[in-house]
Every structure is written in structure tokens, then in C-alpha cells.
There are 2 protein chains.
Amino acid sequence: MDKKTERGYEVRAGIFKALAHPSRLFIVERLAAGEWCVGELAEMIGADVSTVSRHLAVLKNAGILRADKRGLQVYYRLHLPCILRFFDCVGEVMARNAEDHRKLE
Amino acid sequence: MDKKTERGYEVRAGIFKALAHPSRLFIVERLAAGEWCVGELAEMIGADVSTVSRHLAVLKNAGILRADKRGLQVYYRLHLPCILRFFDCVGEVMARNAEDHRKLE
DNA sequence: CGAATAGTTGCATAATTGGCCAAATAGGGA
DNA sequence: TCCCTATTTGGCCAATTATGCAACTATTCG
């Protein structure tokens, strides 16, 4: 596998990695409906503001969110709505896994 | 956020986590075309057989792959082809990110 | 049975991630 | 300017993940 191909897998894995955390998944889902600022999200999640700020940075670096500073607050919004299609698919995966599990009983 | 909802986010994040590694992404893509055994995949990837075996276990535990032992070899195959739709979306994400990046120059 | 082969698992180690607290930064208003 | 508030960043620690080697297991073949 040449360097360029390898790099491609790394970049793509990075997008999945950005989504591979419960809080970040929650954030993306919330932001699907509209924008929220850091403090509001932190309260919804129940984690420290600094922790949530880092989660948001991870999603922003992956190109999934955009930040918009207005006054003291930084409002985040979903930059790639196609991400939401992932979620439908994840739902299917879970349903199928659950069914497989049921069959084993 | 109640326990049940929280658990839901954890399970979904687990699926993304299983895909959040270059080698595992490579494996899924390879298996889209047909089954391969551990040693063959290890050679393609250029990692130790034990390492690849563990990557395969991660994907299997996530319900993404199925293993089929025939003789000495264990053949793995894609159990959830809908996963491939993720990949199309990831392609879109990358294209969009690349374009955003271009605009900044 | 014994040797050879394919894969998995135990272990040690290095690297990454996630979390909070505290300090630094940036903006708004008196 | 000085203070207050919102967010980000540095530091540190605990937990998790990735990796290879070596040992173990399972299966085939002589």
C-alpha cells in the first residue's frame, strides 16, 4: 500500500474517530436542529465547559462543525448535514445486531 | 440525559469507534468485494498477524464482520453491507473539506 | 501420534484519549 | 481603564488503545 493510499485511510479514519464519542455524537445530533453555544451544550451534557470545548474542537477540526463567535459566546453549527445520514445507517446496524443477538437465545 | 439515552449514545459511538482506524477501514473495504483470511489481510496491511487478528475481532464484536472457520483458516466477510454507505458519505465530507481548505488560500 | 500451519491470547510497552482544575485569552460594559 | 463573563489552553493523571513477540490452541496431514 503506497503512502498516498495509506494517508487516505488515515484521513477517512479521522472522520470516524471524530464521531466515536458519546458526547460528540450528542453534540452533532443537537446541532442538526440549530446552533448552540459552548456553555449551553456543556450544561446539556453535564460535563465541564473545558471538556466540551475540546470535543467541539475535535469536530471542528474534522470539518464537521463551524464556529461563529458573536459577542462573548461561540455558537457552533453543523457544517456537513450529510453526516446525519450516518446516523440512519447506525440505526440499521444496531437493529440488525440486536436481531442477531436475539436469534442466539 | 437519562441512563437509557446515554447508553444509546455509547452503543452508537462504539460503531464509529470500530471504524476509526485506518487498518480496520481498509479491511472493511477489502471485505466488501469478498472474503479473505487473516494471513492474507495481514500481508496486505503489512502488520503482524496478531495485530490484524485483533482488528478483526474489534469489527466482529461491533457486528460488522462475520468469521467462518474452514480448515486452518478463518475467513472473514462483511456482515453489514450498509456500512459501505458510510464510505460514500465520508467521501463527500472529504471533498467538502478539501474545497473549504482551497477557498482559504 | 507428531510435525507443521493458521489464528488467538497473554504480556509488556508506547502512544493516545478524556477528564477536570486552574490559568490565559477575548469581548462587552460601567 | 477595570471588571465580569465565555471560551480556550496548559498541566496533570487515569484509562484505553495499538502493537509485536512469545506462548498457546486448533486443525490438517504424514
Side-chain angles (χ1 to χ4, degrees), chain A residues 1 6-7 9-28 30-31 34-77 79, chain B residues 1 6-7 9-28 30-31 34-77 79:
Chain A
M1 186 160 25
E6 202 171 315
R7 182 74 194 126
Y9 282 103
E10 278 166 23
V11 173
R12 281 184 282 167
I15 295 172
F16 285 110
K17 206 178 280 189
L19 294 166
H21 190 286
S23 299
R24 294 199 289 266
L25 236 39
F26 174 84
I27 288 168
V28 171
R30 266 305 153 119
L31 263 38
E35 60 181 23
W36 294 96
C37 69
V38 185
E40 290 168 330
L41 290 165
E43 182 161 356
M44 293 184 222
I45 291 169
D48 196 274
V49 183
S50 66
T51 300
V52 174
S53 174
R54 281 191 223 270
H55 281 312
L56 289 163
V58 169
L59 290 165
K60 187 160 75 89
N61 290 336
I64 295 167
L65 305 185
R66 277 297 169 90
D68 183 17
K69 184 157 195 172
R70 290 205 295 278
L72 283 180
Q73 281 93 1
V74 178
Y75 287 90
Y76 283 87
R77 63 175 188 284
H79 179 57
Chain B
M1 187 160 26
E6 203 171 314
R7 182 77 194 124
Y9 282 104
E10 279 167 20
V11 173
R12 280 185 283 167
I15 295 173
F16 286 110
K17 204 179 282 189
L19 294 167
H21 188 287
S23 301
R24 295 200 288 268
L25 235 40
F26 174 84
I27 289 168
V28 171
R30 267 305 153 119
L31 264 38
E35 59 182 24
W36 294 96
C37 69
V38 184
E40 290 168 331
L41 290 166
E43 182 160 357
M44 293 184 222
I45 291 170
D48 196 274
V49 182
S50 67
T51 300
V52 174
S53 174
R54 280 189 227 269
H55 281 312
L56 289 163
V58 168
L59 290 165
K60 188 160 75 90
N61 289 337
I64 295 168
L65 305 185
R66 278 296 170 90
D68 183 18
K69 184 159 195 171
R70 290 203 297 278
L72 282 179
Q73 281 94 359
V74 178
Y75 288 90
Y76 282 87
R77 63 175 188 283
H79 179 56

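Sequence lines set the chain letters: A, B, ... in the order given, protein chains first and strands last, and positions in each chain run from 1.
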Q | For B:H79 against B:G63, the heavy-atom pair lying closest together | A | CD2-O, 3.5 Å
Q) B:Y76 and B:A67: which non-hydrogen atoms are nearest, and at how many Å? A)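 Closest approach of B:Y76 to B:A67, heavy atoms only: CE2-CB, 3.6 Å.
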**Q.** salt bridge (charged side-chain N to carboxylate O under 4.0 Å, His left out) involving B:R66 - partner list, sequence neighbours excluded
**A.**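 Once residues adjacent in sequence are excluded, the partners of B:R66 under the salt bridge (charged side-chain N to carboxylate O under 4.0 Å, His left out) criterion are A:D100.
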If you round to the nearest 0.5 Å, how far is [atom2] of [Y] from [atom1] of [X]?
| X | Y | atom1 | atom2 | value |
| --- | --- | --- | --- | --- |
| A:Y75 | A:L41 | OH | CG | 10.5 Å |
| B:D68 | B:Q73 | CG | CD | 11.5 Å |
| B:M44 | B:S23 | CE | OG | 12.5 Å |
| B:I27 | B:I45 | CD1 | CD1 | 4.0 Å |

Mind calculating the distance between [atom1] ([X]) and [atom2] ([N]) to the nearest angstrom?
| X | N | atom1 | atom2 | answer |
| --- | --- | --- | --- | --- |
| B:L56 | C:dG7 | CG | P | 10 Å |
| A:E10 | C:dT16 | CD | P | 12 Å |
| A:F26 | C:dG18 | CZ | P | 17 Å |
| A:H55 | C:dT17 | NE2 | P | 12 Å |
| A:Y75 | C:dG27 | OH | P | 16 Å |
| B:W36 | C:dG7 | CH2 | P | 13 Å |
| B:K69 | C:dT5 | NZ | C1' | 11 Å |

Q | Short N-O contact, B:E35 and B:R70, less than 4.0 angstrom | A | yes
Q.
Which residues in residues 57-68 of chain A have a heavy atom closer than 4.0 Å to any atom of DNA chain C?
A. none
Q. Has B:Y76 got a side-chain N or O lying under 4.0 Å from the OP1 or OP2 atom of C:dA6?
A.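 It does not, given that no N or O in the side chain of B:Y76 lies less than 4.0 Å from OP1 or OP2 of C:dA6.
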Q.
With each end axis built from five pairs of C1' atoms, what bend angle do you get for the helix from C:dC1-D:dG30 to C:dA30-D:dT1? Round to 10°.
A.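 The two end axes of the helix from C:dC1-D:dG30 to C:dA30-D:dT1 meet at 20°.
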Q. Just checking B:R70: base, sugar-phosphate only, or nothing, at a heavy-atom cut-off of under 4.0 Å?
A. nothing
Q: Check every strand shown and say whether B:V38 touches a base, only sugar-phosphate, or nothing at a heavy-atom separation below 4.0 Å.
A: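 Sugar-phosphate, no base atom in range.
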Expected list for residues 46-62 of chain A: side-chain donor-acceptor pairs under 3.5 angstrom, two or more places apart:
from  : atom 1 : to    : atom 2 : distance (Å)
A:D48 : OD1    : A:S50 : N      : 2.9
A:D48 : OD1    : A:S50 : OG     : 2.7
A:H55 : ND1    : A:R24 : NH1    : 3.0
A:N61 : ND2    : A:A57 : O      : 3.2

Listed pairs, N/O of protein and of nucleotides 10-15 of chain C, under 3.5 Å:
from   : atom 1 : to    : atom 2 : distance (Å)
C:dG10 : N7     : B:R54 : NH2    : 3.3
C:dG10 : O6     : B:R54 : NH2    : 2.4
C:dC11 : N4     : B:R54 : NH2    : 3.2

Q) So does A:E10 have more than 12 non-hydrogen atoms from other groups sitting under 6.0 Å from CD? A)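 It does: A:E10 CD has more than 12 such atoms within range.
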Q. Pick the nucleotide of DNA chain C nearest each of A:L72 and A:D48; which residue has the one closer to the 5' end?
A.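 Counting from the 5' end, the first nearest nucleotide belongs to A:D48.
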Q | A:L19 side chain near B:L19 side chain, heavy-atom distance below 4.5 Å | A | no
Q) What is the 5' to 3' range of DNA chain D, first to last nucleotide, that sits under 4.0 Å from any heavy atom of chain A? A) D:dT5 to D:dG11
